[in-house]
Amino acid sequence: QVQLVESGGGLVLPGGSLRLSCVVSGIIFYRYDLEWHRQPPGKERELVARITTDPSTTYADSVKGRFIISRDNAKNTVYLQMNSLKPEDTALYYCKIFPLNYWGKGTLVTVSS
């Protein structure tokens, strides 16, 4: 049974930082690319970052230079370090296994003063 469990969300001031974690079970972790997506209130879900098995990384233009995706294959965990947070980063953040259609339940990030 494949499971993804996100954590690390919360309320943060603009300009602050958060580190999200996603623990994955039920797959051979190191064989898969991993993604972070987010869904802002009232908007569509969007891809934020992807890390491949190499690992190489890609980012949405809106977070490039501020967010860093990384993985620890020994811990079956993918991370999203979010710096210089803006109110428009407020969203429910999900991790996903690429190209499989497995999602976690998400962790809420709120950026507000």
Does the pair V24 and T77 meet the rule for a side chain to side chain contact (heavy atoms under 4.5 Å, CB included), with working shown?
CA-CA 6 Å; V24 182; T77 302; over 6 Å; no

Contact list for residues 36-78, test ring-ring contact (aromatic ring centres under 6.0 Å, His included), sequence neighbours left out:
H37-W103

Can you tell me how far apart NZ (K105) and CG (L4) are? Round to the nearest 0.5 Å.
12.0 Å

Applying ring-ring contact (aromatic ring centres under 6.0 Å, His included) as the test, list every pair that has at least one member in residues 68-94; sequence neighbours left out.
none

Set of residues satisfying salt bridge (charged side-chain N to carboxylate O under 4.0 Å, His left out) with respect to K64, sequence neighbours excluded:
D61

What distance do T110 atom OG1 and L18 atom CG have between them, rounded to the nearest 0.5 Å?
9.5 Å

Under 4.5 Å between side-chain heavy atoms, hopping through other hydrophobics if needed: is there a path connecting L100 to V78?
yes

Which pairs with one or both residues in residues 12-35 pass ring-ring contact (aromatic ring centres under 6.0 Å, His included), sequence neighbours excluded?
none

Nearest 0.5 Å, please: how far is CD1 in I51 from CZ in R71?
6.0 Å

Value rounded to 0.5 Å, distance of CD in Q3 from OG in S25:
4.5 Å

Is there a path of hydrophobic side-chain contacts, each under 4.5 Å between heavy atoms of I/L/V/M/F/W/Y residues, joining Y102 to I27?
yes

Among residues two or more places apart or on two chains, list those pairs meeting salt bridge (Lys or Arg N to Asp or Glu O under 4.0 Å) that have a residue in residues 22-40.
E35-R50, R38-E46, R38-D89

Results of side-chain hydrogen bond (donor to acceptor under 3.5 Å, both in side chains) for T52 - residues two or more places apart only:
S56

Spell out, yes or no, whether V2 and F98 are grouped together once hydrophobic residues are joined by side-chain heavy atoms under 4.5 Å, including indirect joins.
no

Show your working on side chain to side chain contact (heavy atoms under 4.5 Å, CB included) between N101 and K96 and close with a plain yes or no.
CA-CA 7 Å; N101 193 31; K96 179 183 180 291; 4.2 Å; yes

What's the shortest heavy-atom distance between A49 and L80, and which atoms?
CB-CD1, 4.3 Å

Answer whether the closest heavy-atom distance between the side chains of L11 and S112 falls below 4.5 Å.
yes

Determine, step by step, whether L13 and V111 satisfy the side chain to side chain contact (heavy atoms under 4.5 Å, CB included) criterion, reporting the C-alpha distance in whole Å, the side-chain angles of both residues, the deciding distance to 0.1 Å, and the verdict.
CA-CA 6 Å; L13 293 171; V111 184; over 6 Å; no

Taking the side chain as every heavy atom from C-beta outward, state whether I97 and L34 have any atom pair closer than 4.5 Å.
yes

Nearest 0.5 Å, please: how far is CD1 in I69 from OG1 in T58?
8.0 Å

For residues L20 and T107, determine if any side-chain heavy atom of one lies less than 4.5 Å from a side-chain heavy atom of the other.
yes

Quick check: closest heavy atoms across S113 and P14, and the distance to 0.1 Å?
N-CD, 3.8 Å

Pairs touching residues 71-105 that satisfy disulfide bond (SG atoms under 2.5 Å apart), sequence neighbours left out
C22-C95

Please enumerate all residues that pass side chain to side chain contact (heavy atoms under 4.5 Å, CB included) together with Q81, with sequence neighbours excluded.
S17, R19, I68, N83

Running the 4.5 Å side-chain criterion over Ile, Leu, Val, Met, Phe, Trp and Tyr, what cluster does V5 land in, apart from itself?
none

Pairs in or reaching into residues 73-88: which pass salt bridge (Lys or Arg N to Asp or Glu O under 4.0 Å), with residues at least two apart or in two chains?
none

